[in-house]
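Residue numbers run from 1 in the order of the sequence given.
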Amino acid sequence: DPWAEMMLNHPNLREDMLEFRRMLEGQAAEWAAERATEADLMRLEQAYSALMAAFESDNTVQRSEADIAFHQAIGDAAHNVLIGHLSGALLNLMQDNIRLNLGELKTVPAASRLLMTQHTAIFEAVRDKKPQAARSAAETHIDFVRETLAQTLRSVARRETAERRLSSEFSPS
């Protein structure tokens with residue numbers, strides 16, 4: 001798969017993907033709040049319940065699968081074939097990336113609670129037919145993930161630099 005290979009070979013692509021997700025998922029949430037049928041809302045509620053249960057566990061694979069299902073339910077509820085298709089393709093492409101993101105976010109103490117709160121805000125805005133609130137909640141969610149990951153990656157880089165300095169200072173010449 002050329003996309004998967006590109007993700008592996010270009011680590012900076014993560015930021016571009018999150019930027020694209022922000023645009024796509026914000027629009028999807030807005031349209032889902034406007035267009036979701038009762039069947040869509042039932043599916044979304046099931047996906048939301050599964051997501052909340054997954055976040056209670058420590059299983060990153062379960063969390064990422066539930067996260068993908070939740071966001072895909074919103075993409076499908078937008079009732080736009082391109083949004084549903086692009087959302088599904090993007091989420092499948094990013095499956096490993098989402099698992100990696102969630103794994104890194106687990107190192108941030110409040111991240112899980114904040115992610116659950118953000119998903120709740122998206123779910124409730126779509127359920128309550130509030131398009132602007134749904135868009136805003138989806139965009140806030142992606143913004144949080146982007147910023148928290150950036151902070152985490154900067155922290156990892158600082159730690160690795162410090163460890164290299166320490167090991168080079170005390171290694172025999």
Side-chain angles (χ1 to χ4, degrees), residues 13-80 83-84 86-88 90-156:
L13 189 57
R14 179 189 295 193
E15 174 64 23
D16 290 345
M17 294 293 257
L18 286 167
E19 185 175 59
F20 186 76
R21 273 187 71 191
R22 183 184 195 276
M23 178 203 55
L24 182 69
E25 292 184 25
Q27 186 63 63
E30 180 179 338
W31 284 345
E34 292 175 357
R35 302 173 179 176
T37 65
E38 285 303 314
D40 292 323
L41 293 175
M42 285 175 49
R43 179 175 171 223
L44 182 59
E45 186 168 356
Q46 291 170 347
Y48 171 75
S49 295
L51 180 62
M52 292 300 105
F55 266 81
E56 295 298 325
S57 80
D58 197 35
N59 185 327
T60 305
V61 172
Q62 185 182 2
R63 282 182 175 197
S64 66
E65 289 173 356
D67 190 88
I68 288 168
F70 175 76
H71 288 286
Q72 186 60 51
I74 292 169
D76 292 341
H79 288 278
N80 178 293
I83 289 220
L86 285 174
S87 179
L90 183 63
L91 290 168
N92 283 330
L93 168 67
M94 292 185 65
Q95 200 164 36
D96 289 336
N97 192 259
I98 290 169
R99 192 171 11 263
L100 178 65
N101 290 351
L102 289 171
E104 289 173 1
L105 288 173
K106 278 176 34 177
T107 66
V108 178
S112 287
R113 183 181 45 78
L114 290 169
L115 287 170
M116 290 173 65
T117 300
Q118 292 162 9
H119 285 111
T120 298
I122 298 167
F123 168 71
E124 289 175 351
V126 171
R127 180 197 63 201
D128 296 344
K129 305 284 188 185
K130 296 180 178 176
Q132 287 307 311
R135 173 187 279 278
S136 178
E139 290 173 349
T140 296
H141 169 58
I142 298 298
D143 289 344
F144 170 78
V145 171
R146 285 172 70 184
E147 183 54 35
T148 305
L149 284 174
Q151 289 174 6
T152 301
L153 294 174
R154 283 191 299 268
S155 177
V156 167

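The nearest pair of heavy atoms linking A78 to A28 is CB-O, 3.6 Å. Between A138 and A29 the shortest heavy-atom distance is CB-CB, 3.9 Å. Of all heavy-atom pairs between A134 and V126, the closest is CB-CG2, 4.0 Å.
Between atom CZ of residue R35 and atom CD1 of residue I83 there is a gap of 8.0 Å, rounded to the nearest 0.5 Å. One finds the CE atom of M17 at 9.0 Å from the CG atom of L91 (value rounded to the nearest 0.5 Å). To the nearest 0.5 Å, atom CD1 of residue I142 and atom CD of residue E25 are 4.5 Å apart. Rounding to the nearest 0.5 Å gives a distance of 9.5 Å between NZ of K129 and CD of E34. Interatomic distance, T117 OG1 to I122 CD1, rounded to the nearest 0.5 Å: 11.0 Å. Interatomic distance, CZ of F123 versus CG of L41, reported as 7.5 Å (0.5 Å rounding).
Here R22 pairs with E139, D143 under the salt bridge (Lys or Arg N to Asp or Glu O under 4.0 Å) rule; sequence neighbours left out. Applying the side-chain contact (heavy atoms from CB on, under 4.5 Å) test to A73 and every residue at least two apart in sequence or in another chain returns R43, L44, A47. For S57, the side-chain hydrogen bond (donor to acceptor under 3.5 Å, both in side chains) partners two or more places apart in sequence, or in a different chain, are Q62.
The aromatic rings of F55 and H119 sit tilted, their planes meeting at an angle between 30° and 60°. Using the six-membered ring where Trp is involved, H141 and H71 have ring planes that are parallel, under 30° apart on the 30 and 60° scheme.
Around atom CE of M42, no more than 12 heavy atoms belonging to other residues, nucleotides or ligands sit under 6.0 Å away.
Between the side chain of T148 and the backbone N or O of F144 there is at least one donor-acceptor pair closer than 3.5 Å.
Under 3.5 Å, the side chains of D67 and S64 contain no donor-acceptor pair of N or O atoms.
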- Message: Walk me through whether H79 and D40 qualify under side-chain contact (heavy atoms from CB on, under 4.5 Å).
- Response: CA-CA 10 Å; H79 288 278; D40 292 323; 2.4 Å; yes

